[in-house]
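Here is the structure we will look at, set down as structure tokens.
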Amino acid sequence: MDRYLVFGHPVRHSKSPFIHTLFARQTQQELEYGLAEPAVDEFAQALRTFFDQGGKGCNVTVPFKEQAFTLVDCLSPRAKRAGAVNTIKLTDDGVLLGDNTDGAGLVADLKSHGVTLADSRILLLGAGGAARGALASLLAELPSELVIANRTHTKAQQLAAEFHDLGPVIAQTYEQLAGPFDLVINSTSASLQGELPPLAPALIHTDIAIYDMMYGASDTAFISWAKQHGARQTMDGLGMLVEQAAEAFTVWRGIRPGTKQVLRELKRNLGAI
């Protein structure tokens, strides 16, 4: 039976085995999917061993995405742009292909919620790996402008300059931000600590769409804050998790699984509904 893994540290909390088991059942694919939590300095060896022992593919999560980027034999265009790999496939020719499905997963989830990206004005909070993974896919949807805001302004400037050839992307400080925005995406990890990015409440209005890449059984701190200030459409990153997994499954198996039922099952699993 074909074997797949997710590598991370820590990774025991990962929902990937749950998701991919449902995908396999739905598409009648025979595979097994497990967890691997090597020490941070043992990832390269663990990855090699997995494929030497017959592994077909894997997902890669924190803190190994940038390291995986350097370990594969070739990269997809979107992985090159992201500077990180979250999906690896062993091809029929024995080549390790590195891909990044995060941006595609984000865009697919936004569209599933009816969010219009073309000609919209988007605010992206954060300039780390999550933001980098999302930028190319967001700009491919042809927004009118994409603004990056980050606590360390120079990082936002560097990121905007790197992706400027793909569309109208600029960097601003939090103090410079001026609305209206159609969509705000929080790519920072602040919600994991129950914290908030320093965004002015005046930027929130009733017609804005709010997206937090973090997720939990209840609203994240950022989503709760946005609702308190009048946002009517709010989304967390659980759908992105499922959509990027579906994209990875497609890379591996050549068949696209449906995501709606899997997302419902995952929400039940989290106790969200």
Side-chain angles (χ1 to χ4, degrees), residues 6 8-19 59-66 82 84 86 100-113 115 122-135 137-138 146-152 155-156 159 174 181 183-199 201 203-204 208-229 231-248 259 262-273:
V6 56
H9 194 99
V11 79
R12 277 162 284 184
H13 66 285
S14 174
K15 302 301 179 185
S16 292
F18 182 86
I19 293 168
N59 289 126
V60 182
T61 189
V62 176
F64 299 131
K65 290 184 183 183
E66 288 76 18
N86 79 334
N100 191 304
T101 65
D102 286 333
L106 171 63
V107 168
D109 192 37
L110 286 166
K111 289 183 175 180
S112 76
H113 284 93
V115 176
I122 301 172
L123 172 59
L124 180 61
L125 307 179
R132 177 181 293 276
L135 270 169
S137 295
L138 288 170
L146 194 153
V147 179
I148 305 172
N150 189 60
R151 289 180 187 271
T152 305
K155 285 189 68 176
L159 201 56
Y174 278 96
F181 290 101
L183 169 65
V184 178
I185 301 171
N186 180 25
S187 77
T188 74
S189 59
S191 288
L192 292 177
Q193 290 81 42
E195 299 172 355
L196 295 168
L199 192 66
L203 291 172
I204 306 301
I208 202 168
I210 298 293
Y211 196 99
D212 194 339
M213 289 189 186
M214 301 298 109
Y215 64 88
S218 57
D219 285 346
T220 67
F222 184 63
I223 285 178
S224 293
W225 174 86
K227 285 181 175 179
Q228 290 168 9
H229 291 93
R232 290 187 299 197
Q233 185 176 19
T234 59
M235 300 149 280
D236 69 14
L238 194 63
M240 176 182 172
L241 175 69
V242 175
E243 294 290 350
Q244 66 82 23
E247 186 78 8
T259 56
V262 173
L263 181 57
R264 283 195 291 269
E265 292 292 334
L266 184 57
K267 285 180 177 178
R268 288 193 190 96
N269 184 258
L270 285 176
I273 59 174

> So, Q233 side chain and H113 main chain: donor-acceptor pair closer than 3.5 Å or not?
Replying inline: yes

> Is there a donor-acceptor contact under 3.5 Å from the side chain of S191 to the main chain of M214?
Replying inline: no

> When rounded to the nearest 0.5 angstrom, what distance separates CZ in R132 from CG in N100?
Replying inline: 11.0 Å

> Side chains of T234 and D219: do they bring a donor and an acceptor to under 3.5 Å?
Replying inline: no

>> With rounding to the nearest 0.5 angstrom, report the CG to CH2 distance, L199 to W225.
In response: 4.5 Å

>> Do K65 and D102 make a side-chain contact, defined as non-hydrogen atoms from C-beta onward lying under 4.5 Å apart?
In response: yes

> For the side chain of N150 and the backbone of K155, is there at least one donor-acceptor N/O pair under 3.5 Å apart?
Replying inline: no

> Where is the tightest heavy-atom contact between L270 and G216, given as atom of each residue plus distance?
Replying inline: CD1-O, 4.5 Å

> Would you say the side chain of K227 lies within less than 4.5 Å of the side chain of I223, judging by non-hydrogen atoms?
Replying inline: yes

>> If you apply the rule side chain to side chain donor-acceptor pair (under 3.5 Å), what do you find for T101 with Q244, and how did you get there?
In response: CA-CA 5 Å; T101 65; Q244 66 82 23; 3.1 Å; yes

>> Side chains of D236 and Y211: any donor to acceptor distance under 3.5 Å?
In response: no

> Are the side chains of N186 and M213 in touch, meaning some heavy atoms are under 4.5 Å apart?
Replying inline: no

>> I19 and side-chain contact (heavy atoms from CB on, under 4.5 Å): which single residue from V262, N269, L263, N59 fits?
In response: V262

> Nearest 0.5 Å, what's the OG-CD1 distance between S187 and I185?
Replying inline: 8.5 Å

> Any side-chain heavy-atom pair from L203 and V184 closer than 4.5 angstrom?
Replying inline: no

